[in-house]
Amino acid sequence: MIVKIADNITSPLGFDSEENFRNIKSGNTKLALHEGLWNIPEPFVGSLFNNDELDDMYYNNVKSNIVYTKFEKIMILSACKAINESGIDVTSDKVIFIISSTKGNIDLLYTNPNDIPYERVYLGESAQIICDYFKNPNKPVIVSNACISGACAQYTACRLLETKKYKYAVVIGAEIQSKFIVSGFQSFKALSLKACRPFDKERDGLNVGEAAGTMIFQYKEENEITSSEWILDKGAIRNDANHISGPSRTGEGSYRALKEITTDLDINQLAVINIHGTATPYNDEMESIAITRAGLSNIPVNGFKGYYGHTMGAAGVIETILSQISLDNNVILQTKGFKNLGVTNNLNVTDKCIE
């Protein structure tokens, strides 16, 4: 069985998982309006690192003579903290690194003040840089499957560990924002100029965010597992083949994945469904349809984009960690920004913390 043994969230809300949880439980967010950044003519709302604070934390915790990009720094910083917590030897060939990101070092297309080799704009190059830092002998696995990447990376870890070729998997999801990403979302008219409001009837688009999250998984026999450990029990990936940049209006892909993972499961045992919840009109409606079709509409639902914005390749990792910590603390966290249901299906979206 696959067990999580350590984690870390590095974000504008904090540099460890517990600090992030405390801030979210308190309703804090770093979403703010940014004007003129990266010479983008239109303003946008996002949760971005304070670069001075990030560098201070990085140089106080990471020792290296190599110059790294911001994207690489947040991955190394997050992974260092989780690896130190786990106590595993990442130089072993029994450890596999799995990197989740949608854009990686895409900002090197526009600016490169430290003369970083241009090849690191490719995810394969930057992922290898991370493995080299930790002196891991294996070739890293890259998951870049749009915004589901962080969840896919965890399922990839499960599959690899079940082969028993590896004993540990270090899953790192990370994203920084850039002119390329923000301009792309603006071209889709997908961004809101206010803090996003997942599933609310006044929602009008998403916000962007920066973060890194790390989860370390271990293969254990059933008799080795303690009652306090989190088990990666089931997963499913489904593609509805609807459109290259848009989900099926009936939520077909999500519905099929939900049906797969809830087969032979007592749904009354589910405490919460943590959803993507980007606060765009189509995404939230599609998710509400999929959840309802799967017979799960009575389960409490929450989303974290109102705290972080959309962190893309990091989202599935950091939001899984937060869901685990909240349940360890007997809390279902609030969906920040949500007030009045704005989807056609009657979901049980949390408008406050439930304890």
Side-chain angles (χ1 to χ4, degrees), residues 1-10 58 61-105 116-117 119-145 148-176 211-221 224 229-232 235 237 312-314 316-318 320-321:
M1 302 183 79
I2 312 305
V3 176
K4 187 202 75 174
I5 60 171
D7 61 61
N8 169 268
I9 299 173
T10 291
Y58 174 81
N61 287 273
V62 177
K63 307 302 179 186
S64 177
N65 294 323
I66 298 175
V67 177
Y68 295 102
T69 66
K70 179 180 177 180
F71 170 66
E72 293 157 2
K73 284 178 181 178
I74 63 173
M75 283 199 289
I76 292 172
L77 180 58
S78 177
C80 277
K81 288 175 173 285
I83 289 166
N84 288 340
E85 177 188 337
S86 71
I88 67 173
D89 176 12
V90 291
T91 66
S92 167
D93 63 2
K94 293 297 183 181
V95 178
I96 184 69
F97 276 72
I98 302 169
I99 307 299
S100 162
S101 183
T102 68
K103 294 295 183 286
N105 281 317
I116 300 291
E119 290 75 16
R120 273 154 67 181
V121 76
Y122 301 113
L123 272 172
E125 295 290 333
S126 52
Q128 189 59 57
I129 285 288
I130 303 304
C131 275
D132 291 346
Y133 173 83
F134 290 106
K135 297 181 173 60
N136 182 265
N138 295 314
K139 186 175 182 179
V141 175
I142 300 163
V143 179
S144 187
N145 193 8
I148 196 176
S149 298
C152 288
Q154 295 173 58
Y155 193 33
T156 300
C158 181
R159 287 172 165 175
L160 290 173
L161 291 176
E162 284 176 344
T163 69
K164 299 188 180 180
K165 180 178 179 181
Y166 308 103
K167 187 174 182 180
Y168 303 101
V170 180
V171 175
I172 310 171
E175 212 77 64
I176 63 167
T214 303
M215 301 177 74
I216 300 180
F217 295 100
Q218 179 181 355
Y219 179 86
K220 288 187 177 183
E221 300 294 341
E224 298 177 301
E229 291 181 301
W230 280 95
I231 299 169
L232 203 169
I237 300 170
M312 299 156 65
V317 178
I318 66 174
T320 298
I321 296 169

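We number each residue from 1, following the sequence as shown.
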> To the nearest 0.5 Å, how far apart are CE in Met215 and OG in Ser78?
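One finds 11.0 Å between CE of Met215 and OG of Ser78.
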> Can you name the closest pair of heavy atoms from Leu232 and Gln154 and give their distance?
CD1-O, 3.4 Å
> Say you draw a straight line from CD1 of Ile99 to CD of Gln128; how long is it, rounded to the nearest 0.5 Å?
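Atom-to-atom, Ile99:CD1 and Gln128:CD are 10.0 Å apart.
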> Taking Leu160's backbone N and O only, do any of them form a donor-acceptor pair with Thr163's side chain (distance below 3.5 Å, no angle check)?
yes
> Working to the nearest 0.5 Å, report the span between CD1 of Ile142 and OG1 of Thr156.
12.0 Å
> Can you spot which of Val90, Asn138, Asn136 makes a side chain to side chain contact (heavy atoms under 4.5 Å, CB included) with Cys131?
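Considering Val90, Asn138, Asn136, a side chain to side chain contact (heavy atoms under 4.5 Å, CB included) with Cys131 is found only for Asn136.
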> OH of Tyr166 to CG of Asp93: how many Å apart, nearest 0.5 Å?
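Going from the OH atom of Tyr166 to the CG atom of Asp93 covers 8.5 Å.
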> About how many Å separate CD1 of Ile88 and CD1 of Ile5, when rounded to the nearest 0.5 Å?
5.5 Å
> Give the intermediate values and the outcome of ring-ring contact (aromatic ring centres under 6.0 Å, His included) for residues Phe217 and Tyr168.
CA-CA 6 Å; Phe217 295 100; Tyr168 303 101; over 10 Å; no
> Evaluate the criterion side chain to side chain donor-acceptor pair (under 3.5 Å) for residue pair Asn84 and Ser86; output intermediate values, then yes/no.
CA-CA 5 Å; Asn84 288 340; Ser86 71; over 6 Å; no
> Do Leu77 and Asn61 come within less than 4.5 Å of each other through their side chains, counting heavy atoms only?
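Answer yes - side chains close enough.
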> Are any non-hydrogen side-chain atoms of Val170 and Ile98 less than 4.5 angstrom apart?
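No, too far: nothing below the 4.5 Å cut-off.
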> Is atom NZ of Lys164 surrounded by more than 12 heavy atoms (other residues, nucleotides or ligands) closer than 6.0 Å?
no
> So Thr69 and Ser126, do their side chains get closer than 4.5 Å, heavy atoms only?
no
> Within 45 degrees of the ring normal and closer than 6.0 Å to the centroid, is that where the cationic atom of Lys73 sits relative to Tyr58?
yes
> Do other residues, nucleotides or ligands put more than 12 heavy atoms under 6.0 Å from the NZ atom of Lys167?
no
> Please find the pair of heavy atoms, one from Ser92 and one from Pro137, that lie closest to each other, and give the distance.
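Shortest heavy-atom contact: O-CD, 3.7 Å.
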> Got Val141 and Phe97 here, is their nearest side-chain heavy-atom distance under 4.5 Å?
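They are not in side-chain contact.
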> A side-chain contact here means heavy atoms from C-beta on lying under 4.5 Å apart; do Val317 and Val171 qualify?
yes
> Mind checking whether Glu229 and Lys220 have side chains closer than 4.5 Å, heavy atoms only?
yes
> How long is the gap from CD1 on Ile96 to CG on Leu161, to the nearest 0.5 Å?
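Ile96 CD1 to Leu161 CG: 9.5 Å, rounded to 0.5 Å.
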> Could you check if a side-chain atom of Glu175 sits within less than 4.5 angstrom of a side-chain atom of Thr102, using non-hydrogen atoms only?
yes
> Between the side chains of Lys135 and Asp132, is the shortest nitrogen-to-carboxylate-oxygen separation below 4.0 Å, so that they form an ion pair?
no
> Side-chain donor-acceptor pair under 3.5 Å between Asn105 and Glu72, yes or no?
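The answer is yes; a qualifying pair exists.
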> With a 4.5 Å heavy-atom cut-off, do Lys81 and Thr214 have their side chains touching?
no
